[in-house]
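To find a chain, count down the sequence lines: A is the first, B the second, and so on, and within it residues start at 1. Computed over heavy atoms, backbone and side chain alike; hydrogens, waters and symmetry mates excluded.
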Protein chains: 2
Amino acid sequence: MKKEQLPTTSLILDSKDISILRILQQNAKATVKEISQKIHLSTTPVHERIKRMEEHGVIKQYATLVDYAKIKKGLMVICYVSLKQHNKNAGAKFIKSVQEMNEIIECYNISGEFDFMLKVVIENMDAYYDFHVNKLSQSENIGHVQSVFVMGIIKQTHVLIN
Amino acid sequence: MKKEQLPTTSLILDSKDISILRILQQNAKATVKEISQKIHLSTTPVHERIKRMEEHGVIKQYATLVDYAKIKKGLMVICYVSLKQHNKNAGAKFIKSVQEMNEIIECYNISGEFDFMLKVVIENMDAYYDFHVNKLSQSENIGHVQSVFVMGIIKQTHVLIN
DNA sequence: ACTGAAAGACACAGACT
DNA sequence: AGTCTGTGTCTTTCAGT
């Protein structure tokens with residue numbers, strides 16, 4: 001995708017933009033023609049609206065979602081981490097190591113007794129044990145780590161506009 | 001996207017399939033031509049491989065990812081829920097209500113003291129308070145609810161193949 | 001399982017209302 | 001703001017290796 005500088009003015013989305021997003025969220029390959037028919041417009045304005053939302057960063061990415069289990073990543077673990085020290089430099093080092101670990105697909109700074117919450121997707125329990133002991137805990141400055149295992153996925157979506 | 005019955009045989013992915021997935025994960029709009037040049041193949045086999053992975057459910061969805069903050073959903077909350085009763089029927093009712101609440105984008109069955117972990121994305125703290133009191137807690141059979149607020153997003157990706 | 005070519009559909013730009 | 005029309009590029013299929 002083209003990386004362009006984001007316009008400084010924020011984009012106001014009208015109901016037609018929302019309708020377009022509603023369709024695209026579920027199917028990035030929906031054609032402009034298809035969308036234009038659904039929202040009763042011709043292709044040009046639909047095309048322009050999509051381009052505008054891309055440029056303003058409303059549309060972040062066109063992604064292909066892969067079934068984790070089908071690429072042999074059958075285990076999901078929610079992992080809480082507290083740091084020993086909370087100075088800026090120590091935090092930055094931890095963040096850098098998180099970016100480099102591909103098993104970690106999400107990391108949030110959170111309120112409460114822990115500092116970070118991680119979502120880890122990995123092959124199986126053996127691989128997770130190895131990750132925990134030999135990768136995560138090897139990062140400097142790690143205080144406590146607590147793992148919560150995902151036993152079942154009830155709902156998983158990125159769709160916020162329904 | 002076409003919904004077809006999944007073939008019963010599981011698909012074995014070779015290194016070329018993985019290369020294709022690596023590209024598509026980051027950009028669903030990558031053209032077959034573009035991919036075929038990168039992996040040194042012509043368009044036909046690339047096209048066939050993609051279709052095969054779609055049919056086998058390895059590729060789950062082509063999604064458009066929207067910047068939550070830019071559609072005024074500025075708050076993310078991790079929410080833990082335990083149920084009062086743990087019989088099958090009570091669980092099913094809770095799961096159904098989760099599916100209906102659009103603010104909840106993820107829900108997992110977890111190990112530990114709580115039964116479920118939810119990820120909620122919502123406008124602001126006022127809206128979250130309203131959601132908590134008037135929607136989530138109104139579901140029958142809710143025992144305890146604990147909210148952890150996301151203060152910063154360090155990493156957020158769906159990409160597992162690097 | 002791949003290459004190369006060829007048909008139809010699409011994205012995107014332009015002229016116009 | 002939007003519609004319509006055209007051009008180049010893409011997806012998709014098919015004969016051939």
Side-chain angles (χ1 to χ4, degrees), chain A residues 1-67 70-71 161, chain B residues 1-67 70-71 161:
Chain A
M1 218 181 321
K2 277 176 285 186
K3 268 279 178 190
E4 295 174 26
Q5 61 218 13
L6 301 177
T8 44
T9 52
S10 81
L11 185 62
I12 293 153
L13 303 173
D14 65 14
S15 68
K16 282 171 186 167
D17 292 318
I18 298 293
S19 298
I20 292 170
L21 286 179
R22 189 176 288 125
I23 296 165
L24 281 178
Q25 274 192 123
Q26 303 275 12
N27 181 17
K29 288 209 187 299
T31 65
V32 172
K33 195 183 172 185
E34 200 179 323
I35 298 168
S36 67
Q37 286 165 352
K38 279 186 186 160
I39 66 170
H40 307 290
L41 239 65
S42 67
T43 58
T44 312
V46 173
H47 189 253
E48 279 169 359
R49 283 162 182 272
I50 294 170
K51 285 284 161 255
R52 207 184 312 143
M53 290 193 284
E54 288 173 3
E55 282 159 20
H56 281 79
V58 174
I59 292 176
K60 279 201 301 186
Q61 190 176 21
Y62 297 106
T64 298
L65 304 184
V66 171
D67 188 325
K70 296 216 164 113
I71 55 167
I161 304 173
Chain B
M1 221 178 323
K2 277 177 285 188
K3 266 282 178 190
E4 294 173 26
Q5 62 219 11
L6 301 179
T8 45
T9 53
S10 81
L11 184 63
I12 293 152
L13 303 174
D14 65 12
S15 66
K16 282 170 187 170
D17 292 317
I18 298 292
S19 298
I20 293 170
L21 286 179
R22 188 176 289 126
I23 297 165
L24 281 179
Q25 274 193 122
Q26 302 275 11
N27 181 18
K29 288 210 188 299
T31 67
V32 173
K33 194 183 174 186
E34 196 179 327
I35 298 168
S36 67
Q37 286 165 351
K38 279 186 184 159
I39 67 170
H40 306 292
L41 240 66
S42 66
T43 59
T44 311
V46 173
H47 187 251
E48 280 170 358
R49 283 163 181 273
I50 293 170
K51 284 283 161 257
R52 209 183 311 143
M53 291 192 285
E54 287 173 4
E55 281 158 20
H56 282 79
V58 175
I59 292 175
K60 281 200 301 185
Q61 189 176 24
Y62 297 106
T64 299
L65 305 184
V66 170
D67 188 325
K70 296 220 164 111
I71 54 166
I161 304 172

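- With hydrogens and angles ignored, the 3.5 Å screen pairs a side-chain donor or acceptor of B:T64 with a backbone N or O of A:L24.
- Within a 6.0 Å radius of NZ in A:K33, other residues, nucleotides and ligands contribute 12 heavy atoms or fewer.
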Polar atoms only, N or O, under 3.5 Å: list the protein pairs with nucleotides 10-13 of chain C and their distances.
residue: C:dC10; atom: OP2; partner: A:K33; partner atom: NZ; Å: 3.4
residue: C:dA11; atom: OP1; partner: A:V32; partner atom: N; Å: 3.2
residue: C:dA11; atom: OP2; partner: A:V32; partner atom: N; Å: 3.4
residue: C:dC12; atom: OP2; partner: A:H47; partner atom: NE2; Å: 2.7
residue: C:dC12; atom: O5'; partner: A:H47; partner atom: NE2; Å: 3.1

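- At least one donor-acceptor pair under 3.5 Å links the side chain of A:K70 to the backbone N or O of B:H56.
- The side chain of B:R49 places an N or O atom within less than 4.0 Å of a non-bridging phosphate oxygen (OP1 or OP2) of C:dC2.
- B:L21 places a side-chain heavy atom less than 4.5 Å from the side chain of B:I59.
- Using a cutoff of 4.0 Å between basic side-chain nitrogens and carboxylate oxygens, A:D17 and A:R49 are scored as salt-bridged.
- Between A:I20 and A:M53 the shortest side-chain heavy-atom distance falls below 4.5 Å.
- Bending across the helix from C:dA1-D:dT17 to C:dT17-D:dA1, expressed as the angle between its end axes from five pairs apiece, amounts to 20° (10° rounding).
- Residues A:D67 and B:V58 have side chains not in contact (no heavy-atom distance under 4.5 Å, counting atoms from C-beta outward).
- Ion pairing between a basic and an acidic side chain is recognised when a charged N comes within 4.0 Å of a carboxylate O; B:E48 and B:K51 show no such pairing.
- Put simply, the side chain of B:I161 reaches to within 4.5 Å of the side chain of B:Q25, judged on heavy atoms.
- Using a 3.5 Å distance cut-off with no hydrogens or angles, the side chains of B:Y62 and B:E54 do pair a donor with an acceptor.
- From the 5' end on, the contacts that DNA chain D makes with chain B at under 4.0 Å to a non-hydrogen atom open and close at D:dC10 to D:dC14.
- Protein atom CD of A:E48 is 12 Å distant from nucleotide atom C1' of C:dG14, rounded to whole Å.
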